[in-house]
Amino acid sequence: MNEVFYVTTPIYYVNSHPHIGHAYTTIATDVFTRYMKLFGAETYFLTGTDEHGQKIAESAANSGIKPQEFVDKISQEFRNLWPHLHIENDQFIRTTDSKHKACVQQILQKIFDQGEIYLKEYEGLYCIGCERFLDEAELENGNCPDHQTPPEFHKEQNYFFRMSSYQAWLSEELMKNENWVYPARYRNELIQLLKNPLQDLCISRPKSRLKWGIELPFDNNFVTYVWFDALLNYASALEWPNGEKFKKFWPNVHHTIGKDILKTHGIYWPCMLKAAGIPVFKKLVVHGHWVVEGNKMSKSIGNVVDPLAMKDQLGVDGLRYFLMRDMSFGEDSNFTKELALTRYNADLANNFGNLMNRSISMSRKNFQESVPPPGAVGNQEKELHEYFAKGVQKCREYIVTFQPHRALEHVLYLSSKVNKYIDTCKPWTLTKDDKDRDRLGTVLYTALDMTRIIVGLLDPVMPKKMYTARKNLGLEQEVIRFSSFSPGLLEPGTKLPKSNPLFPKMQASNVDQDNLKNTQSEKKSNYSAPEKKDQIAIHDFQKMELKVGRIKSCRKVPKSSKLLCSEVDLGENYLRSIISGAAEFYSPEEMTGRLVIVVTNLKPVKLMGIISEGMILFSDDNGKMALIEAPDHVDPGVKVR
Ligand SMILES: [Zn+2]
């Protein structure tokens, strides 16, 4: 790969302290950058802070300090945080940088000179939180949908950007370019938005109302609307139009954003670029939100988790891994410490960490603390090598299509394969007899060699931990190259230093729940989340009989607001009656015909006079229940395990 890869985070608005939402976007961008670098691209990673606008002016006034002093302080918090999260950005831009201000003015003047900006008297409903006028149609019960506060009536003169004249062009671009926005559903959202007439964009604020902003170059009674200022950072950072970096990296631009700023990046921004005669970015990569107890994490709701507190408990790399692995990129994801811990233990401690520990310790013990010389390679090794050859390519595909969760899932799958290989080959039975020595060498060499490849694949996500892992494999000096992710490149005889487990198992009690702010809320439903439980062995799980069932009919249980009674076909010669507490979420009609998962060996219980002979499984999102459905090609009665 000989390409250039320019990637940005949004610049973060300094009216809030950094939280896990910012951390996620920035870590994801860092992970993309590190992988692209590994795949051979020349990369440039930009992040920074957005520092103008009314909210900042107000926050500064409330703190009794000058806006500049205020933004200096918060911006520095972001800048200080990133190295702690192993972020390696190439540049940190601030919208109060003089170079940025000059660039914004230059572009405004250019668009103004082309007649694409005009002055007009405007009146309407204005949301201070959003710093913009709202359309009547956007309001929810008279409130701003984002801030849940009523907008104020404002009348003033302002400058407008003729965004409406770019509507047809933008629609066509979106239709033409299927890969412009990822995941595709956000492209569809933009296409839907553009089915309504696009309004011209108000790009100024009168100084009588707001002084904290970049002055319009053609009228010093106004400052620039904060989004028009902020979006241009992506170009100003590279020193548009003549900077070396601009020439090199533009327009190979990838913007990583949260879905809440899709409209500004998917509509305003391309129109602004088009008007300024700048080629439009290559891709918009949109992620979902972390949800705490059913609420989007945001400053205004106050359920903000401190990422620094999280890293102290999970380790920075443990946190990075969890964030990348557990969020299906593009979708919302639930954030709890319990989930993070479960993920850490399952993937890192029990799977990969265990693979690493046992491969190293058996080799150290049997081959003078070094990498064994491999004997003949058999079918099992060949099979494993093939898995890895395909697996490494698959990971790359997932990353270049912005699916880090899938890439990591696949890496851990490779790790399980090697664990299984060890379990099958049982190297511990090959240590007694000299005639087994070659075979023992082959098995342990293969395990270590495959571990080496996994370490390389995980490096962009957990750079510090994987550095230690390489040290443990005697590869401290080695430069990681994608081309070295093929079998047989580990040098036999390499010294394996004494090492500690890379990912020691964590007990639930190690994690201090109190440090997680505001994650506890009253659970209204009887179906509350289970308490922390001890782990169970596989045979405990196997005691439970799970089957696919078809709901043949369903009715409300009289005198109960919560209960439904379903008649379920489980491939038996009768239908079972099963009670579920889902009446608030499903009507009997909605239940009927669904293919569901049923616990079939529960002791029958009598509820409201009806005997319930099993349990239908639902997901329970803090009391909000959703049916777990079976794939529709499976027949009732089929076992689930
Ligand atoms: Zn608002």
Exercise for the section: Measure the acute angle between the ring planes of Trp250 and Phe246, then classify it against the limits of 30° and 60° as parallel, tilted or perpendicular. Expected result: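 Geometry flag for Phe246 against Trp250: parallel rings.
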Practice task
Report the relative orientation of the aromatic rings in Phe39 and Phe482; use parallel for angles under 30°, tilted for 30 to 60°, perpendicular for over 60°.
Solution key: perpendicular
Exercise for the section: May I ask you to check whether Phe329 and His405 place their ring centers less than 6.0 Å from one another? Expected result: no
Handout entry: Validation row, ring centre Tyr24 to ring centre Phe322 under 6.0 Å
Key =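 Centroid separation for Tyr24 and Phe322: 6.0 Å or greater.
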Handout entry: Salt bridge present between Asp635 and Lys547 (N-O < 4.0 angstrom)
Key =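 The answer is no: the pair does not qualify as a salt bridge.
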Exercise for the section: Indicate yes or no: does Lys37 engage Glu42 in a salt bridge with an N to O separation below 4.0 Å. Expected result: no
Handout entry: Short side-chain to backbone donor-acceptor contact, Ser333 and Asp326, under 3.5 Å
Key =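 Yes; at least one donor-acceptor contact below 3.5 Å.
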Practice task
Would you name the heavy atoms of His17 and Phe78 that are closest together and state the gap between them?
Solution key: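 That would be C-CZ, 4.2 Å.
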Problem - No-hydrogen, no-angle side-chain donor-acceptor test under 3.5 Å, His86 and Asp317 - result: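 Short answer, yes.
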Problem - Set of side chain to side chain donor-acceptor pair (under 3.5 Å) partners for Tyr13, sequence neighbours left out - result: Glu131
Handout entry: Residue pairs fulfilling side-chain hydrogen bond (donor to acceptor under 3.5 Å, both in side chains) with at least one residue in residues 176-192, sequence neighbours excluded
Key =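 side-chain hydrogen bond (donor to acceptor under 3.5 Å, both in side chains) check on residues 176-192 returns Glu173-Lys176.
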Exercise for the section: Take Arg94 and Asp50, measure what salt bridge (charged side-chain N to carboxylate O under 4.0 Å, His left out) needs, and give me the verdict at the end. Expected result: CA-CA 6 Å; Arg94 301 179 56 185; Asp50 178 10; over 6 Å; no
Fill in the blank from the handout: Given the options Tyr44, Phe5, Tyr6, His254 meets ring-ring contact (aromatic ring centres under 6.0 Å, His included) only with Phe5
Please list every donor-acceptor pair under 3.5 Å in which a side-chain atom of residues 446-461 meets a protein atom from a residue at least two apart or in another chain.
| from | atom 1 | to | atom 2 | distance (Å) |
| --- | --- | --- | --- | --- |
| Thr446 | OG1 | Thr442 | O | 2.6 |
| Asp449 | OD1 | Arg452 | NE | 2.9 |
| Asp449 | OD1 | Arg452 | NH2 | 3.0 |
| Asp449 | OD1 | Leu490 | N | 3.3 |
| Asp449 | OD2 | Gly488 | N | 2.4 |
| Thr451 | OG1 | Ala447 | O | 2.6 |
| Arg452 | NH1 | Ser484 | O | 2.8 |
| Arg452 | NH2 | Ser486 | O | 2.8 |
| Asp459 | OD1 | Arg470 | NH1 | 3.0 |

